Each structure stands twice: as C-alpha cells, then as structure tokens.
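Convention: sequence-line order gives letters A, B, ...; per-chain numbering from 1. Quick caveat, the model's predicted, so the values are computed rather than measured. Just so it is clear, the values below take in all heavy atoms, side chains as well, and ignore hydrogens, waters and symmetry mates.
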Amino acid sequence: MSSELFADLEWRGLLAQTTDRDSLIKELKSAPTKFYIGFDPTAPSLHVGNLVVILVMRRFQLAGHLPIALVGGATGLVGDPSGRNEERTLNDESVVLEWVGNIKNQLSKFLDFDTKQNPAVMANNLVWTKPVSALEFLRDIGKHFSVNQMLAKDSVASRLESGGISYTEFSYQVLQAFDYLELYRRDNCKLQLGGSDQWGNIVAGLDLIRKVEGGSAHAFTIPLMAKSDGSKFGKTAGGSVWLDPEMTSPYAFYQFWFNTEDADVEKYLKVFSFKDRSEIERLIETVKTNPGAREAQRELARELTSMVHGADESAKVEAASSALFGQGELNLLDEKTLAAALSQLPKVSISKNEAFPTWVDLLAATGVVDSKSAARRIVKENGAYLNNEKISGEDFAPTKEHLIHGRFLVLRKGKRDLASVEVI
RNA sequence: GGCGGGUUGCCCGAGCGGCCAAUGGGAGGGGACUGUAAAUCCCCCGGCUCUGCCUUCGAAGGUUCAAAUCCUUCACCCGCCA
C-alpha cells in the first residue's frame, strides 16, 4: 500500500526530498502513520498554491495514514522567512485569529474528519506555544539550537544577503521545530510534509526530536509549483487565486484552471487531480491529439471547482462559461440561461428611469478595468465589446436597443474578461 | 550611540534645480494570428470633468520664479565602528 503511495507520488512529481527513503517507506508500510502539515495564517484565505500540499495530505489519508492539519496560530504571529527576501509586517493578533478560523474551515473540505479508521484532526500551535514563557523557551528549547546551524539555513542565509532579518523571524525555525517536537510527543506524529522551501524548518524539528527525545521522525517535501514559462503559479492579473468564493468567484476559479496552457496541463493533472492514472494519461494524450478541444483543461477545471466549491456550483459556472463563450450569439440564449450565466460575473445595475451612462463609465463601474482612464484606453485600443461585438468610440452609450431580453448588457474587455449590466 | 550609504510608479532601477508623470527592463493590459492555449509581431501602461488640469518620487517643513533633484527635522533600511 505505502510503496504504492510512494510510487504514485513520484509519478505525479510530488516528491522533492525525504529523509532516508527506505526507512520512511518501511515506517509507512508498518502501520498507519501520523503526519502533519502546517499552514500559517498569512492571508484571509488559502489559495491555489496551498492546494498542492493540501492534496498531498489527502493522498496520504486516502492511503490510510492519519493527517494532522496544523494551523499556525502562533507561527503566524511571528512570520516565516522562507522564500521571502524581506521581513514580513506583523499582523494583529485579532486578525490572525480570524484567519486561523477561515483556514480551518477551508482545510476541513479536503480531509475526512469523520472516518472511523484514520480520521484527520486539526491542531493549532498556539495551544502549546502560548503557555510557554520566554525563559522556559530559551532554556528548554533554545539550548538545543546552534546559531551556526541556524544561520546556515537557506531561509536565513539568503536573508542575510538581501535585506537582513529580525530576531523574530530568525526564531521561526525554532518555533516550527518545537511544533514537530510537541506533535511527536503528544500524538506520536512521525512525519512532517511541506513545500520544499520548508526543508530547513522540518529538519530543525527532526534534530530537536533527536536531541530531546532521542527519537527519530521523517520529513517529506513537495516541489514548489512552477509554470513552464517561469511565471508564478496561482497568480492572475487580479492577484492570487483564492479558495474563498468571496475573494475569487467560482466562475473566476473555474476560468483559472480552464485557461491552463497546454504546456502545464499535464503537470497540473498529475498534481491536482484524483482521477486514476490511466484516465490522466488519456487526457494528456488528448492535449497532443486534439488540443483545440481543451478536454484536459475542462476536466481539470471541473474537478477542482467541484472539489473546492461543490459540484452544483461547478456545473453552474461551467454552464455559464460555455454560454458566454459559445457562439457569440448572446441574444439566442434564452433568458433564464443568460441570467444564470451573467449571475456568475461582476455586475452593475442601472435604473431604467435614467439615461444610460457611456460605456466607458459602465466598464469602469463593473471593475473589469481599474479606472476610467483604463476604460478609455481599452476602447481606444479596440479591446472593448458590447454583447460580443466590438464597438469603438469613447462617447458611445448603449441604448434600449442593445438590451438583451430587455434587461441585460454584456460588456467584455479583451478576449475573456466579462461583466454584466442589468437594467432594473 | 557615532560615521557613511540608501528610501523613485506593481517589482527592479535611472534621474541629482527648469526640457519630469519622470529613461530602461520585468510583470501586466489591448490588437493581429489562434484553441477562452503558447510562441511571434504591433500598441498601451498615475488619475480626471483629457489638445488641458490634478496628484505622485519615504514623511513633514523650508529655500527658489521653479524641487524627485538643494536645506532642516523625523521614520525606516543597509554597511562600518562603539
């Protein structure tokens, strides 16, 4: 079972580094193993980048192991220097507390907390970190750390190069090591997973466990997601793609996956999809044989949107997408279908008693552009469309004649940035 | 605490009294070509009541007809010394 898990993870490209491979496999094989991943509350929501690691967690649970989802109520107050070239700004405790709650909710969608055999559990490192006094911490934990080694860690060394590091963030690795020690003691947690940038922090925990408890535990890291063109995964023009539907609409979420470029879709399927291997291989084949159909992208978008926002919501946004990107004959769509599709888009309402604003104003009002200047620019550059038809002229204002079903206008910027106007 | 260097638009980075909304690169946006893809080529990229006006060059004051550019104070960062 566990060697299968390992082989599968390797095939999917999800293995960066582990501690001694054979003994880890042996450990996993011998019994269901408790393992943990930490998530620091650095934002109000998790984003698609976090999904990589979350789904590996799920794969471990499906293989019979016991996940501990650790939310960094304490570490989130301090700030992880890994992968950053400058100091984080500290967030208020109340803010971090709120984010902890959000993240817990989101994590709960991906793990099974109710199964009898190997239920997932949630933990918060604030529970064991807060009661420890600074003096205790320095004496009991700090004594086991060599500053020489701490300085040698990538996360610290690179910061010494770039902009320096505060004592606060320098201490982060000690806190994370303490987490691992605590989970090892309390729950016999033997494995920590994380992004490959976490290697140093995880290893610090292993050292601490060895020194304090004489025990041995394991580390497993996952490669950081990289796009084929070198740009950062999980970002769109609007910023990060969040799991929170208030921050990234399910429609935008679906579109994010649907627009995956061919060069990346194989990787994404392997990393994010739970389809079996033969199905994934079939989809990869379709990218070569019939790329225009985008079957692989569609399946990917459908699966991920369902997983994060539910099957119903996924079906809705998929229907909206195909309606809006279909034939271009929007007025042929029946009113109900169109209304449903438009409800997924940014929307602005205007009163039927007032004169229609210019469409420059409307574009700006819907938020598809940042400002009126930007709206003017788009119009000037021939990138603005009304009801899928290209129109030019900054002063153009829609009239009743343009309304579809007497209520709707569909505005578009560029190829795929849509918004709706409803007259009420 | 002392001395020196720095803080410029989303990011990096020029500018060092008027010709500066501010060179260049990256990111981003639009068009053409396509498949809601990539690559490529062209264009754009502070805001607005847009042939002009307004607000930006760490913050607040000051000098000057005129300041991102000079002076003063403050904040933060970096280096060396204590």
Side-chain angles (χ1 to χ4, degrees), chain A residues 81 83-90 158-169 226-241 251-269 283-284 286-302 305 317-328 330 341 344-345 357-361 363-386 388-395 397 410-419:
Chain A
R84 301 201 121 224
N85 55 14
E86 60 181 26
E87 193 79 9
R88 291 172 187 269
T89 41
L90 291 175
S158 67
R159 279 283 292 277
L160 291 176
E161 297 280 309
S162 63
I165 185 167
S166 68
Y167 182 66
T168 306
E169 286 195 16
K227 283 180 53 174
S228 55
D229 61 6
S231 62
K232 207 164 156 50
F233 168 77
K235 299 276 184 192
T236 62
S240 292
V241 178
Y251 172 81
F253 188 85
Y254 179 89
Q255 288 288 321
F256 166 76
W257 296 104
F258 188 80
N259 282 307
T260 301
E261 49 205 75
D262 294 357
D264 285 319
V265 71
E266 169 170 352
K267 191 186 333 175
Y268 289 9
L269 280 168
L283 287 170
I284 291 167
T286 67
V287 178
K288 289 172 193 138
T289 54
N290 187 11
R294 301 170 152 264
E295 187 181 352
Q297 280 90 338
R298 182 171 292 106
E299 284 297 331
L300 179 71
R302 188 181 285 161
T305 309
V317 298
E318 187 180 344
S321 297
S322 59
L324 295 168
F325 284 100
Q327 308 312 317
L330 288 171
Q344 308 299 327
L345 302 175
T358 64
W359 74 326
V360 164
D361 288 334
L363 281 164
T366 58
V368 290
V369 291
D370 289 332
S371 65
K372 279 190 199 175
S373 296
R376 285 202 185 88
R377 248 180 337 253
I378 288 300
V379 170
K380 203 187 314 170
E381 291 171 337
N382 268 317
Y385 304 74
L386 175 68
N388 278 354
E389 283 184 49
K390 198 177 281 193
I391 294 185
S392 48
E394 288 182 23
D395 300 328
V410 180
L411 295 175
R412 190 168 111 217
K413 182 202 81 173
K415 278 177 202 171
R416 50 197 188 198
D417 220 348
L418 291 150

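In this structure, B/C80 and B/G2 make a Watson-Crick or G-U wobble pair, each of the two defining distances being under 3.5 angstrom.
Checking the phosphate oxygens (OP1, OP2) of B/G28, no side-chain nitrogen or oxygen of A/Lys413 falls inside 4.0 Å. Proximity of A/Arg298 to the phosphate of B/U36: no side-chain N or O atom is located under 4.0 Å from OP1 or OP2.
With hydrogens and angles ignored, no donor-acceptor pair under 3.5 angstrom links the side chain of A/Gln297 to the base of B/U36. Side-chain to base pairing of A/Asp262 with B/G35: one donor and one acceptor N or O lie within less than 3.5 Å of each other.
Residue contacts shown for A/Ser373 include a base, since a base heavy atom lies under 4.0 Å away. Among the atoms of the strands shown, only primed sugar atoms or phosphate atoms (P, OP1, OP2) are found under 4.0 Å from some heavy atom of A/Lys372. Among the heavy atoms of the strands, none lies under 4.0 Å from A/Phe256. Using a 4.0 Å heavy-atom cutoff across all strands shown, A/Asn259 reaches at least one base atom of the nucleic acid.
Look at CD on A/Glu394: it is 11 Å from P on B/U49, rounded to the nearest Å.
Nucleotides B/C43 and B/C11 have their P atoms positioned 26 Å apart, rounded to a whole Å.
Closest contact between the side chain of A/Arg377 and the listed nucleotides B/G30, B/G47, B/A37 involves B/G47.
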